[in-house]
Asks: 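Right, I'll just put the structure down here and ask away after.
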Amino acid sequence: MKKSKFSLLLILTLVFSLILSACSGGDDNAGDEKPDGDAKTGDETSSVPQELRMLDSSAIPTMDTVLAEGSTSFTYINNVGEGLYRLDQNHKPVPALSDGEPKISDDNLVYTFTLIDSKWSNGEPVTAHDFVFAWQRAIDPKTASPYGPYMMGGKIKGAEAITEAGSKEEAYDVTTLGVKALDDKTLEVTLEKPIAYWQDLFAFPTFYPQNQKFVEEKGDKFASNAENLLYNGPFVMETWESTDAEEWVLTKNPNYHSADKVKLEKITVNVVKDSNSAVNAFEAGETDMTGLLSSDLVPAYDGDERMLSWMEATVFWIKMNQKNEALANVNIRKAIAMGFNKDDLAASILNNGSVAANYFVPKDFVTLDGEDFREKNGDLIVFNAEEAKKYWETGLKELGVDKLELRYLGGDTEAAKKTDSYIKNQLETNLPGLTINLESVPFAIRLDRDNAMDYDLQFAGWGPDYGNALSFTDLWITNGGSNRMGYTNKKYDQLIKDAQGKLATDEKAQWEAQQEAERIMLEEDAGLAPVYQRAANILLNPNVKGLAIYNYGPDYSFQWVTIEGEE
Amino acid sequence: MAKYLSKRVLYMFLTLFIIASLTFFLMKIIPGTPFASANKLSPAQLEIMKAKYGLDQPVPVQYAKYLGNLLQGDLGISFQFNNRSVTDMIIGRLGPSMQLGAQAMILGTIVGILLGIFAALRQNTWVDYSSTFIAVLGKSIPNFVFAGLLQYYVGVKLGWFPVLFWRGFEYTILPTIALSMLPIAIAARFMRTEMIEVLGSDYIMLAKAKGASFFEIAFKHALRNALIPLVTVLGPLAIALMTGSLVIEKIFAIPGLGEQFVTSITLNDYPVIMGTTLLFAALFVVIILVVDILYGVIDPRIRLSGGNK
């Protein structure tokens, strides 16, 4: 005992500090010069710095336009890049790199675009070859782009054949894709069939150009951080260390062709996954804009001018697997679709501005001559406990049973479990003899089981990728890639086929065909049980003006944002 | 000692090999897709995606490749974050997690030990009661509650410290305090019990009779013996703290390992899950060894000779 001269505490401390010093070496102490303390009191000078500090709920998985598949990637790609078209402040696609509207062939299949003068951030011009390179890269099976074949298949000529060949490991030729550079300034695109929403398609980040020399030079490093990226949009990435970085900074791109219209100088983004923390940061004046609020926080800001709320074009529904004998029965399906109170669900369980959905093409999504898609079709399948019970009893009689047990596949988050329990309770109460077994699984597993059609009922949702009702209506065609519930109706298929093909150039007829299809699917067949349309809420400093919010592709555009001074 | 150590190190590698294999096969059994937009992909496209990540090959081939890469120190590429190497991801995120964990551990142990000692020395007085009260609070209230309270009252209301992020020492204070509540509670409870026992033992009586001072008795004689069981408990706790606290990292927006690990599990990002599991396992076996060695340092009666009786 005498030997020990060292305090034991010292030993412990030594061990910990060794580990500490070994590990903290790589820690970046990026000098933060933001006047955090001062920001709270607002603007100090009359000339307001055009800087936006915002929070996002996820890191940017990739900035490679060809590999991007989520709204976070699309949002920042859209703000540092540009394609033939761009969504404007009113969510409409307008020519961007395309010099006005293209020349369109008589059969509406060949589009010839002339490009405006624009530059990459390394000074090189953006040419038609850059589009050809990017699109071919996006469809090349070697690239394994998730969105390339999804956005091009059946739309751009030759896309589907390349994907098919790639999956069978057969030879393919990406130059057979319907995109050609006639010269540096002229791009020719050939479609598989006429497409009603072609402008939307060409505004989508998957169709942005890429500089071949730069991409090939960078190899695997391309788009992995700010240094390995080129920009041709309103902003450039000043700092972005890696794809899992939790902080990045965008600054105004002086080389952007419309740079004079961009007022915002700097955007600092931080990842905050916890909604409560985001609100705390907002209240402490550390940020001007939060990510989407979780629904429990929304009521607290009801009526507060700092909360910005809007209806997303995302609808949630219960898919009914029609390979299941009971669910193949239309009366059983109608009973389920009508058997739960969606208004109560939206008002008391969700309580965030979301509304009951009696449809699957959302409202506030597409309009024709100022009229919303929903105005004509309205509510197609509404809650009615008595009716539901009648359908239920008829259905049971037809099946020759007096009770039914169904598996219900749902999410594993707290919010999902609440919604699913509510629906289970409602259905079991309103439809006597029904037993629902909830199976709460993580999202990745739900996707897998959806693929394998391993469920009876499944709570799922869909957000569109382009601004046409087809992004919802074509989900349910027989054997459609996203159908995966065995719904089939020849009349429905025909209407959608027409809307995708021969009616593509007649907006009104195309629109009406889809409305009829939606009516058949829900009113006649109850092929799906719509639940609710989701509302989105963020906290935004009232001094921030001009934020464009989109309901497909990118979430936001900062191109028109200005920061005003406080009164 | 050298023999003992080499044997232990050998076992460590064996353990890691078994864990690596188990994790790999578990990953294959667990259902789910690693592709985020799987519901939008056609079967042909899914085939292409699987081929890209080598998931189309037979499991034994995948296993052999995985072990081969592992031996070369290559943990693979994340499925979720394009072209991001798992090794880089882990290295980038280990720093904040370790720093936070170590700070919480140091603060927690020091405060805890002091609380425990004073409680034992002043048994059944208000000092004892308040120390026990703090220990009960720390043990029974989850750290995210402390985190939320600290963030709101100290960060937002009082504005003393930054509410979020990881940009310098002042940003680490609130999360460190929140995370240290558990080690404070554990250390205090252990210390108190052990100290009371030690203080009643003969050699302390002797020391007292010899006229040793209060300070000498407490810190020189009693503390040493009371520390042994504490080291046993704190070893694994240190791992838990340093490999990242999911909740604390999420609440304070700290780019650490814990949160990343959980996200990778929900997204079936296999390479990240396996890489992180291996790292946790490696840290764990190393700390267990360190704890065993520490026993010998703290109490020379424990000999690390291994096996030869």
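Protein chains get the first letters and strands the later ones, always in sequence-line order, with residue 1 at the start of each.
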Asks: Determine, stepwise, if the pair Leu46(B) / Asn451(A) fulfils side chain to side chain contact (heavy atoms under 4.5 Å, CB included).
Replies: CA-CA 10 Å; Leu46(B) 275 174; Asn451(A) 242 334; 3.3 Å; yes
Asks: For Val271(A) and Glu259(B), run side chain to side chain contact (heavy atoms under 4.5 Å, CB included): C-alpha distance rounded to whole Å, both residues' side-chain angles, the deciding distance at 0.1 Å, then the answer.
Replies: CA-CA 12 Å; Val271(A) 175; Glu259(B) 215 281 320; over 6 Å; no
Asks: Would you give the length of the straight line joining atom CZ of Arg84(B) to atom CG of Asn225(A), rounded to the nearest 0.5 angstrom?
Replies: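 Reported to 0.5 Å precision, the distance equals 9.0 Å.
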Asks: So for Asp465(A), is it side chain, backbone, both, or neither that comes closer than 4.5 Å to the heavy atoms of chain B?
Replies: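 For Asp465(A), the contact with chain B is made by the side chain alone.
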Asks: Most heavy-atom pairs under 4.5 angstrom with chain A, which of Lys157(B), Met49(B), Lys50(B), Gln260(B)?
Replies: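 Answer, by heavy-atom pair count under 4.5 Å with chain A: Met49(B).
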Asks: Using non-hydrogen atoms only, which part of Pro162(B) is less than 4.5 Å away from chain A: side chain, backbone, both, or neither?
Replies: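 Interface part for Pro162(B): both.
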Asks: At a 4.5 Å cut-off on heavy atoms, which part of Ile60(A) comes close to chain B: side chain, backbone, both, or neither?
Replies: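 Just the backbone, heavy atoms under 4.5 Å.
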Asks: When heavy-atom pairs shorter than 4.5 Å are enumerated against chain A, which of Phe165(B), Tyr53(B), Phe252(B), Tyr152(B) gives the highest number?
Replies: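 Maximum pair count with chain A is reached by Phe165(B).
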Asks: Among Ser242(A), Gly166(A), Ser224(A), who wins on heavy-atom pairs under 4.5 Å with chain B?
Replies: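 Highest number of pairs under 4.5 Å: Ser242(A).
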Asks: Can you say whether Thr287(A) sits under 4.5 Å from chain B via the side chain, the backbone, both, or neither, judging by heavy atoms?
Replies: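 Interface part for Thr287(A): neither.
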Asks: Counting only non-hydrogen atoms closer than 4.5 Å, does Ser145(A) touch chain B with its backbone (N, CA, C, O), its side chain (CB onward), both, or neither?
Replies: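 The backbone, not the side chain.
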Asks: One pair to check against side chain to side chain contact (heavy atoms under 4.5 Å, CB included): Glu169(A) and Asp56(B). What are the steps and the verdict?
Replies: CA-CA 12 Å; Glu169(A) 298 187 5; Asp56(B) 59 336; 4.2 Å; yes
Asks: Can you tell which of Leu447(A), Leu475(A), Asp64(A) has the highest number of heavy-atom pairs within less than 4.5 Å of chain B?
Replies: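 Most heavy-atom pairs under 4.5 Å with chain B: Leu447(A).
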Asks: About how many Å separate CE of Met89(B) and OG1 of Thr243(A), when rounded to the nearest 0.5 Å?
Replies: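 Interatomic distance, Thr243(A) OG1 to Met89(B) CE, rounded to 0.5 Å: 7.0 Å.
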Asks: Heavy-atom count check: over 12 atoms from other residues, nucleotides or ligands less than 6.0 Å from Lys28(B) NZ?
Replies: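 Yes, because the 6.0 Å sphere around NZ of Lys28(B) holds more than 12 heavy atoms from other groups.
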Asks: If you count heavy-atom pairs under 4.5 Å between each of Glu47(B), Gln45(B), Lys52(B) and chain A, which one has the most?
Replies: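 Option with the top pair count is Gln45(B).
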Asks: Check Ala44(B) against Ser167(A) and note the closest heavy-atom contact, atom names and distance.
Replies: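 That closest heavy-atom pairing would be O-CB, 3.2 Å.
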Asks: Go through the atoms of Glu160(A) and report whether side chain, backbone, both or neither lie under 4.5 Å from a heavy atom of chain B.
Replies: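 For Glu160(A), neither part sits under 4.5 Å from chain B.
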Asks: Under 4.5 Å, counting heavy-atom pairs only, tell me which of Ser482(A), Pro141(A), Pro146(A) racks up the most with chain B.
Replies: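 Counting heavy-atom pairs under 4.5 Å, the top option is Pro146(A).
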Asks: Return the option, out of Asp448(A), Asp274(A), Leu55(A), Asp244(A), with the maximum number of heavy-atom pairs under 4.5 Å with chain B.
Replies: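 With the most close heavy-atom pairs to chain B, the winner is Asp244(A).
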Asks: Counting heavy-atom pairs under 4.5 Å to chain A, which of Thr263(B), Asn268(B), Thr266(B), Ile251(B) comes out on top?
Replies: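 If we count pairs closer than 4.5 Å to chain A, Ile251(B) comes out on top.
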Asks: Tell me, out of Pro442(A), Pro149(A), Ser73(A), Ala59(A), who's got the most heavy-atom pairs with chain B below 4.5 Å.
Replies: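 When all of Pro442(A), Pro149(A), Ser73(A), Ala59(A) are compared, Pro149(A) has the most.
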Asks: Can you tell which of Thr62(A), Ile445(A), Val272(A), Asn280(A) has the highest number of heavy-atom pairs within less than 4.5 Å of chain B?
Replies: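 Ranked by heavy-atom pairs under 4.5 Å with chain B, first place is Asn280(A).
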Asks: Taking all non-hydrogen atoms of both residues into account, name the closest pair between Ala284(A) and Val163(B) and its distance.
Replies: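 Ala284(A) and Val163(B) have their closest heavy atoms at CB-CG2, 3.6 Å.
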Asks: Quick check on Arg484(A) against chain B: is it the side chain, the backbone, both or neither that has a heavy atom closer than 4.5 Å?
Replies: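 For Arg484(A), the contact with chain B is made by the side chain alone.
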Asks: Using every non-hydrogen atom in the two residues, find where Leu164(B) and Ser277(A) come nearest and quote the distance to one decimal.
Replies: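 Closest pair (atom of Leu164(B), atom of Ser277(A), distance): CD2-CB, 3.5 Å.
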